[in-house]
Amino acid sequence: MSVYLDAETFMSGHNHHATPFTSDASNATMKMSPGAKGRMRATERAVYRYYNDMGKNKGNCTWGPGLLAHKGICSEDELKQKVSTKSVNLEFERRVAEAERIVRRKTKVALNQAQFDALCSLTYNAGIKATRDTYDFVNQGDFSGAAANISKMIKVEIHEGGRKKYVIAPGLITRRAEESAPFRVASPATTAGE
């Protein structure tokens, strides 16, 4: 039997900054749009078994549509483990819902639907710890800073020969370009004063 991280453990992280986050009320009922969720699901191809996300003996143990089982490569037993379509679909929906809750909780500026969708995708893929700086930029109204930060998030940690290193994941280049695009607009602080 394999143990995998649930969404709360996977996406948990503590804000190490002094300023507490308070949600913006306009984001309180937002959900990921069906189109964005469908595109994300297509990007996160469903594999009905456990696999190493960066290829043979590289990356992290993953299953279904890009669901992190744990850091580091899969064991031989895990690589033999199959997962059902129902399990993949349920876990994908659960983790999307968790990403939506995180975005609503961590944002204190109003977002448009495309920005909300982008932050959901980013949070789903990278987790809350890795996205902390992006949320800081967004909450400061620095959308160009958020876009630049998202665009830089193209490397993944892999373990090879007992050593860890960071390598560019080609699939993340396109994904991060799509996630950063909604933030390549005038920041709310700029438009509010004009």
Do [X] and [Y] land in one hydrophobic cluster if side-chain heavy atoms of ILVMFWY residues count as linked below 4.5 Å?
| X | Y | value |
| --- | --- | --- |
| Met40 | Val88 | yes |
| Val185 | Phe137 | no |
| Leu79 | Val47 | no |
| Leu172 | Tyr166 | no |
| Leu90 | Tyr48 | no |

Taking atom types as modelled, find out whether [X] and [Y] have a side-chain donor-acceptor pair closer than 3.5 angstrom.
| X | Y | result |
| --- | --- | --- |
| Arg132 | Asn149 | no |
| Thr43 | Arg39 | no |
| Ser144 | Arg184 | no |

So, [X] and [Y], do they make that salt bridge, N to O below 4.0 Å?
| X | Y | answer |
| --- | --- | --- |
| Glu179 | Arg176 | yes |
| Glu91 | Arg95 | yes |
| Glu93 | Lys37 | yes |

Ignoring hydrogens and angles, tell me if any N or O in the side chain of [X] forms a donor-acceptor pair with the backbone of [Y] under 3.5 Å.
| X | Y | answer |
| --- | --- | --- |
| Asp53 | Thr62 | no |
| Ser180 | Ala177 | yes |
| Glu78 | Ser75 | yes |
| Asn139 | Tyr135 | yes |
| Asn52 | Cys74 | yes |
| Gln115 | Phe183 | no |
| Ser87 | Val83 | no |

Tell me whether the centres of the aromatic rings in Phe92 and Tyr124 are closer together than 6.0 Å. yes
Of all heavy-atom pairs linking Phe116 and Arg104, the shortest is CE1-CG, 3.7 Å
For a quick test of reading the model, state the closest non-hydrogen atom pair linking Ser33 to Gln113 and the distance between them. N-NE2, 3.4 Å
Using a 4.5 Å cut-off on heavy atoms from C-beta on, say whether the side chain of [Y] contacts that of [X].
| X | Y | result |
| --- | --- | --- |
| Asn27 | Val103 | no |
| Asn125 | Arg175 | yes |
| Leu119 | Lys106 | no |
| Ile73 | Cys61 | no |

Got a second to check how far [X]'s [atom1] is from [Y]'s [atom2], nearest 0.5 Å?
| X | Y | atom1 | atom2 | value |
| --- | --- | --- | --- | --- |
| Ser121 | Arg41 | OG | CZ | 13.5 Å |
| Leu122 | Thr131 | CG | OG1 | 5.5 Å |
| Ile102 | Thr107 | CD1 | OG1 | 11.5 Å |
| Leu111 | Ser26 | CG | OG | 7.0 Å |

Once you measure the plane-to-plane angle for Trp63 and Tyr50, does it fall in the parallel (<30°), tilted (30-60°) or perpendicular (>60°) bin?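 It falls in the parallel class, under 30°.
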